[in-house]
Engineer: 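Quick one: structure below, then a few questions.
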Number of protein chains: 2
Amino acid sequence: MPTQPLARLSAAEAVFNAIRADIESGTVAVGGKLSSEASLSQQYGVSRSVIREALRSCTALGLTVTKTGKGTFVVANKVANDLTLGHYSAGDLTEARPHIEVPAAGLAAVRRTEDELGTMRHIVAAMITETDPESWVALDSSFHAAIARASGNKVFASVVADIRGALAFQSETLNMVAARQHASDSEHQRILAAIEAGKADEASHAMAEHLRAVGVALDSILNH
Amino acid sequence: MPTQPLARLSAAEAVFNAIRADIESGTVAVGGKLSSEASLSQQYGVSRSVIREALRSCTALGLTVTKTGKGTFVVANKVANDLTLGHYSAGDLTEARPHIEVPAAGLAAVRRTEDELGTMRHIVAAMITETDPESWVALDSSFHAAIARASGNKVFASVVADIRGALAFQSETLNMVAARQHASDSEHQRILAAIEAGKADEASHAMAEHLRAVGVALDSILNH
DNA sequence: CTGTCCGGCTGTCTGACAGGTTCACGCTTA
DNA sequence: TAAGCGTGAACCTGTCAGACAGCCGGACAG
């Protein structure tokens, strides 16, 4: 790449870099909320337009999600490499997930390391005590991603990481959480138990059942 | 189209999607210049702020660059996605592909458009007369990618596009081609016929059989 | 050929209003 | 009285209109 003579940054670029740095360095945690546009505007000494353009850049890179009336939330601490096809629809996800996560769960039961098991245990435990829906959803996607990684197959791991990003963009997910949280918790525990026990069929089955239940719940919301 | 966006798009998102589509479809050529913010604003019937936010998103994705006093120029027709290519092992691919491509073939049989069918026919026809192994492999991956796109599910389309990149880097595939080319051609024809006929089960079955055969052939080479 | 000027474009600011979200306060009801 | 309800205020994002400065390229005059 040809290095160009240090172009002077526009204010919007400077603000974007600052916010991005805050996110990638962990100064603002994943799941956390950024200050409001108005206060960022004051903090950086620029107008709200500039702040909004910077936030758009973050959103385009998949780092943040902005919700009307609520604020801007951090959903990833690094740029994902799956931006090519845009975001998946809820229908696409519901349709595709079983084909990927069910076999992944089966493989995870056979291949998981102790470290991976520890991660999963930690996540499931945290979910049970978590009351904030946004945080819970973040943990949920972490759990599914952890299983895919534990499958030892990078294709599965990559797809689920993809899906994880897409889920964060779907507000339906959040709406569904309140009703599904308890049921999901126990379903997760069953999946984890099967993976711990090294029982592939059970893990696959538990995952299939979980995804089916989630699909039904989502469906009832979307067609309500 | 079975699955469509369920979430209401904000104006900025809608404009972003439109501009991105123009770029990715080639309506605006790489190297070309977009209309000025003012005229885009008029064209889409939104304020300049909205246009600027959409352009920021394009810039963040690396599709465009904006130069003060000159305008916004297209520098790429797709989002760069360098990080995932070629990361998957042959074993990962053999293991994961059936779980994705088999259901995708089934869906394609039900959802494919005439255009997509035409593309697939063209590819299969070209493969039969193709003698150069490299070109044949390129067509092969195009065929699999076309089926995934025709499934109408972006998750499947994305994964197979990914896999396609990885396949091109695997020399085993090339070594295998000589022996498999003829068999693959007829397997492809069977898959295509089932998709043309709209028979989902047959399409899935033909794809499963094809992938199994490929897997066996690959295995015999790797363990030789 | 050169220097100047003008028209077009981006960068940024200000101020305003609509509509979504949250929460507490006060009123209703069992 | 206590639990529940709803209603409005405060805060937030989404969008708009208008304005001005600075950059860029080309036209035009010297």
Side-chain angles (χ1 to χ4, degrees), chain A residues 4-19 23 28 31-60 63-75 131-137 168-178 221 224, chain B residues 5-19 28 31-60 63-75:
Chain A
Q4 55 193 46
L6 205 56
R8 218 186 57 216
L9 297 174
S10 67
E13 284 173 291
V15 170
F16 165 60
N17 286 335
I19 294 176
I23 292 172
V28 187
K33 177 177 168 300
L34 295 180
S35 308
S36 72
E37 295 174 356
S39 70
L40 286 173
S41 155
Q42 204 162 15
Q43 178 181 332
Y44 286 104
V46 296
S47 75
R48 213 182 124 209
S49 329
V50 171
I51 298 293
R52 280 182 63 79
E53 289 181 22
L55 291 180
R56 278 291 167 190
S57 297
C58 289
T59 299
L63 295 173
T64 61
V65 179
T66 295
K67 292 174 185 171
T68 307
K70 291 183 67 178
T72 300
F73 300 85
V74 178
V75 298
T131 57
D132 175 52
E134 303 235 14
S135 307
W136 189 87
V137 167
F169 285 89
Q170 301 194 332
S171 51
E172 301 90 15
T173 308
L174 270 184
N175 297 336
M176 189 192 75
V177 163
I221 287 181
H224 185 254
Chain B
L6 317 119
R8 282 199 311 266
L9 296 175
S10 67
E13 284 173 294
V15 170
F16 166 58
N17 285 335
I19 294 176
V28 186
K33 176 177 169 299
L34 296 180
S35 307
S36 72
E37 294 175 356
S39 74
L40 285 173
S41 155
Q42 205 161 14
Q43 178 181 333
Y44 287 104
V46 297
S47 75
R48 215 183 122 209
S49 327
V50 171
I51 297 294
R52 280 183 63 79
E53 289 181 22
L55 291 180
R56 277 293 168 189
S57 298
C58 288
T59 299
L63 296 173
T64 61
V65 295
T66 295
K67 294 177 182 170
T68 306
K70 292 182 66 178
T72 301
F73 300 85
V74 178
V75 297

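Naming: A, B, ... by sequence-line order, numbering from 1 per chain. Bear in mind that the values here come from a model prediction, so they are computed numbers and not experimental data.
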Engineer: Sequence neighbours left out, what passes side chain to side chain donor-acceptor pair (under 3.5 Å) with A/Arg56? Give chain and number order.
Structural biologist: B/Glu53
Engineer: What's touching nucleotides 5-9 of chain C from the protein side, N or O pairs under 3.5 Å?
Structural biologist:
| unit_1 | atom_1 | unit_2 | atom_2 | d |
| --- | --- | --- | --- | --- |
| C/dG8 | N2 | B/Gly69 | O | 3.3 |

Engineer: Would you indicate whether B/Gln42, at its atom CD, is surrounded by more than 12 heavy atoms from other residues, nucleotides or ligands within a distance under 6.0 Å?
Structural biologist: no
Engineer: Distance-only, no hydrogens or angles: does the A/Thr59 side chain make a donor-acceptor pair with backbone N or O of A/Leu55 under 3.5 Å?
Structural biologist: yes
Engineer: For the residue pair A/Ala54 and A/Ala12, what are the closest heavy atoms and their distance?
Structural biologist: CB-O, 3.9 Å
Engineer: For the atom pair CZ (A/Arg52) and CZ (B/Arg52), what is the distance rounded to the nearest 0.5 Å?
Structural biologist: 13.0 Å
Engineer: Rounding to a whole Å, what distance do you find between A/Leu34:CG and D/dC12:P?
Structural biologist: 13 Å
Engineer: Where the side chain of A/Thr64 meets the backbone of A/Phe73, is there a donor-acceptor pair that is under 3.5 Å apart?
Structural biologist: no
Engineer: Given side chains that start at C-beta, do those of A/Leu40 and A/Val15 come closer than 4.5 Å, heavy atoms only?
Structural biologist: no
Engineer: Considering only heavy atoms from C-beta outward, does the side chain of A/Ser35 approach that of A/Gln43 to under 4.5 Å?
Structural biologist: yes
Engineer: For DNA chain D, which residues of residues 41-54 of chain A approach it to below 4.0 angstrom with any heavy atom?
Structural biologist: A/Arg48, A/Arg52
